[in-house]
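Residue numbers begin at 1 in each chain, while the letters A, B, ... track the order of the sequences.
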Protein chains: 2
Amino acid sequence: MPSDKNIELTISDGHASAPPKAAKKILDVAYDLFYRRGIRAIGVDEIVKRAGVTKPSLYRSFPSKDELAASYLRQYDLEYWERFDEAVAANPGDPRAQIKAFLTRIGKRTQVADYRGCGMTNAAVEYPDHSHPARVVSEANKQELRRRLRAMAAAMGAHDPDTLGDGLLLLIEGAYISGQLFGLGGPAQSVARNADLLIEASLKK
Amino acid sequence: MPSDKNIELTISDGHASAPPKAAKKILDVAYDLFYRRGIRAIGVDEIVKRAGVTKPSLYRSFPSKDELAASYLRQYDLEYWERFDEAVAANPGDPRAQIKAFLTRIGKRTQVADYRGCGMTNAAVEYPDHSHPARVVSEANKQELRRRLRAMAAAMGAHDPDTLGDGLLLLIEGAYISGQLFGLGGPAQSVARNADLLIEASLKK
DNA sequence: ATGTATACGTACCGATCGGTAACATTGTCA
DNA sequence: TGACAATGTTACCGATCGGTACGTATACAT
């Protein structure tokens with residue numbers, strides 16, 4: 001079983017000088033480059049160069065570039081739900097406020113120069129093939145997002161929770177994309193306002 | 001001046017047998033491959049092979065692959081506004097119905113297997129660099145879309161036309177993306193319904 | 001028939017792509 | 001000290017990338 005080729009990000013144990021694993025440096029650099037400039041646009045040579053390691057090191061920790069891309073997205077997934085759960089935890093028992101907090105945060109993130117949208121969404125655009133390792137991770141992330149949004153719409157007491165949940169997802173994806181298409185002052189800055197209008201119109205009267 | 005390297009799609013003049021220009025065949029094939037599988041994913045070799053021409057023929061009609069990609073998007077732009085104007089012309093003087101018709105059409109198009117979203121949006125994701133020839137075309141298309149949607153929101157008598165116009169753009173972009181992320185039965189099928197809810201909630205009372 | 005211009009094909013370029021073989025060096029722990 | 005695992009080094013692979021030098025074929029006008 002080749003399970004020792006998986007990546008475990010062991011946290012520094014504080015004990016003496018634990019040599020920072022090559023795998024972590026590689027994944028960190030790949031994360032940054034893949035997200036900012038796209039997966040197809042980045043070659044493995046640039047990754048190892050910027051990480052200060054060599055190519056064999058990369059292929060000892062990751063079976064292929066495609067799997068490295070999938071690992072990047074798995075890391076992205078973790079941080080994504082961290083941010084999501086922060087917005088949820090900040091507004092306990094109030095799904096409408098939770099959504100508003102999450103979307104306000106997205107709206108703000110889109111209003112910076114060179115905003116690059118959602119790494120999951122971008123990866124799916126880069127790899128139309130549903131069997132690509134990176135796309136598998138991306139699709140699972142989006143399915144989970146849809147599930148949560150529909151559940152929250154139901155908890156809000158929406159007249160048609162699935163439609164509202166899907167509507168919120170459309171607004172979110174639209175914000176990711178238009179955030180990187182238009183620069184500052186683009187449509188994405190209004191995502192929270194529009195979502196709230198849509199929610200208001202979707203609640204049981 | 002190298003203006004003779006531009007592309008003019010001369011329509012068959014009906015006069016005798018006008019040899020179907022190589023440039024047209026190349027652009028047709030490139031259009032299909034770039035849209036379905038992505039620009040970065042397709043090499044010029046595959047384009048010329050499928051078009052039944054040779055590489056020098058491509059580079060006689062197009063100065064570079066990047067410019068061929070831009071030409072593909074210019075063609076896409078033409079057809080995009082044709083579809084848009086059809087929805088407008090079908091509902092004269094009724095911007096709300098025009099939007100609804102356009103979004104219903106988008107919603108339907110998303111509900112086919114292997115739907116690939118909007119070629120403009122996808123190109124912008126593939127090329128984050130704002131100076132890339134393909135991205136320039138893409139951004140201009142989106143700016144025009146935003147302009148039209150805001151104008152239509154104003155014509156509907158929206159309380160805040162810019163916000164509603166931008167909200168509609170977010171829903172549209174969300175439909176393009178989620179249409180290719182989720183297969184059949186995805187959130188994009190509800191884009192027209194959600195747009196109508198948003199419009200209803202945004203009109204002056 | 002011959003000149004001229006345009007369209008096309010063969011063959012090739014250097015660079016980069018993702019990926020690997022074989023071996024040397026290092027640090028850790030027993 | 002010895003053993004082991006991780007990383008480094010150098011050099012390489014075949015394939016594909018975007019792009020081009022250069023010769024050839026065809027059409028038309030004179």
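The side chain of A:P56 approaches D:dT10 more closely than any other nucleotide in the set C:dG18, D:dT10, C:dC8. Out of D:dG19, C:dG9, D:dT9, the shortest distance to the side chain of B:Y59 is found at D:dG19. Nearest to the side-chain atoms of B:R60 among the listed nucleotides C:dG19, D:dT10, C:dG9 stands C:dG9.
In this structure, A:L58 atom CG and C:dG19 atom P are separated by 9 Å, rounded to whole Å. Rounded to an integer number of Å, the gap from A:E67 CD to C:dG19 P is 10 Å. Distance, A:K21 NZ to C:dT28 P: 11 Å, rounded to whole Å. In this entry the distance linking CD1 of B:I26 with P of C:dC8 reads 8 Å, nearest Å. Taking atom NZ of A:K65 as the reference point, atom C1' of C:dT16 lies 12 Å away to the nearest angstrom.
Note on B:D196 versus B:R96: salt bridge recorded, some NZ/NE/NH1/NH2 to OD/OE distance being below 4.0 Å. Using a 4.0 Å cut-off between charged side-chain N and carboxylate O, A:R193 and B:D160 make a salt bridge. Remark: A:K142 does not engage A:E139 in a salt bridge, criterion side-chain N to carboxylate O under 4.0 Å. Remark: A:E79 does not engage A:R74 in a salt bridge, criterion side-chain N to carboxylate O under 4.0 Å. One finds no salt bridge joining A:R135 and A:D129 here, because no Lys/Arg side-chain nitrogen approaches an Asp/Glu carboxylate oxygen to under 4.0 Å. A salt bridge is defined here as a Lys NZ or Arg NE, NH1 or NH2 lying under 4.0 Å from an Asp or Glu carboxylate O, and B:R83 with B:E86 fails to meet this definition. By the 4.0 Å N-to-carboxylate-O rule, B:D85 lies close enough to B:R148 to be salt-bridged with it.
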Contacts under 3.5 angstrom, residues 41-49 of chain A side chains, donor-acceptor by atom type, not counting sequence neighbours:
residue	atom	partner	partner atom	Å
A:D45	OD1	A:K55	NZ	3.4
A:E46	OE2	A:R37	NH1	2.9
A:E46	OE2	A:R50	NH1	3.4

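Comparing A:S64 and B:S57 along DNA chain C, the residue whose closest nucleotide (by nearest heavy atom) sits nearer the 5' end is B:S57.
Near DNA chain C, meaning a heavy atom under 4.0 Å from it, residues 31-38 of chain B has no residue at all. Heavy-atom distances under 4.0 Å link DNA chain D to A:G52, A:V53, A:T54 of residues 39-55 of chain A, given in residue order.
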